[in-house]
Amino acid sequence: MKALSIPDVLAEVAVLVRPHFGKGRPADYIPELADVPGGKFGMAVRTVAGEEHVIGDADEPFSAQSITKVFSLGLALNRMGDEVWTRVGKEPSGTPFNHLALLEAERGVPRNPFINAGALAVTDMLLDWTADPAALVRDFAGFLSDQALVIDEAVAASELAHAHQNRAIANLMRGHGTITHDPLDVVAAYCRQCALSMSCRQMSRAFLPLAAGGFSPVAQETIFPDRLTRRLNALLMTCGIYDSVGSFAYRVGLPAKSGVGGGIVAVVPGKAVVTVWSPELDRFGTSVVGTAALEAFAQLTSCSVL
Ligand code: GLU
């Protein structure tokens, strides 16, 4: 049987996901995100070899949210190495991304860098280095995607105005000494970082080092050592999709990171990055249509690390 081309696969995926619209809801705890039309759908594939294929709303910027946690972690690990792991763990949390009780039970050390507590700890580390971690993350992602990126200040302000839970998390960690800066500064920097706007096309370009042994074919530069690249992919596989990471791995079989803006980035090691965006979320905070799209993509292309 002749293998389908990537454009054929994307066209097929767009048909297969149709029944999944209307099953989830855009994030509403950040009011600015509640108004994003639920029917949006975009997908972008960028291969290590340089092919790029998109479908739907792949060039429309969406709120990257938790996906930015991969950029901030990459920056922190590149700069601080294993010292990062003295303040944050590497285990799946099995609890919602903004959970508080587990953090208290574990004396202020977050389970992993992708739940909010862990990402706040990483932002705190970046504050040792720059007064504006969000700009650092924006410029890093911009460098990797070869595009000037912007932070959506309305989304940042909207999240900050409702960031009571994240402030509680940051205060708890300050009490335990996991973070060292003013918790309010950490939360403000974190909310701005999460409000980075990127399109599927830009996201697939920016994540390419994770598919290419740490080298960015876009920036023509080695971004991460090969070993760190494999470790980042391991963290995505085990902790990248909130507390539904197991069923996501079962369905899709690829390291991936989701965000409550409705984006999901999946890495096909050695081959490509696939980004999908569709704002309606399941109860865990992951795009319903996005997950279905990646599941169909992995099946149609037999791309899976499992
Ligand atoms: N800024 C969001 C929050 O802290 C990120 C959550 C996410 O995308 O998972 O709630």
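Here the structure is a predicted model, which means the values were calculated and not measured. Because only heavy atoms are used, hydrogens play no part in the values below, and waters and symmetry mates are left out as well, while side chains stay in. Both ligands and their constituent atoms are indexed starting at 1 by order of listing.
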Contact between L33 and P279 at the side-chain level, heavy atoms closer than 4.5 Å - yes or no?
no
* So, does S72 use its side chain to make a donor-acceptor pair with the main chain of T123 at under 3.5 Å? -> no
One should read off an interatomic distance between S287 OG and I241 CD1, to the nearest 0.5 angstrom, of 10.0 Å
### Query
So, are R192 and E153 salt-bridged, with charged N and O less than 4.0 Å apart?
yes
Requested in this report: Examine the side chains of S63 and Q65 and answer whether a donor and an acceptor come within less than 3.5 Å of each other.
Outcome: yes
**Q.** Between T180 and D124, a side-chain donor and acceptor under 3.5 Å
**A.** yes
For ligand 1, protein residues within the heavy-atom limit of under 4.0 Å are Y29, Q65, S66, F97, N116, E159, N166, Y190, C194, Y242, G259, V260
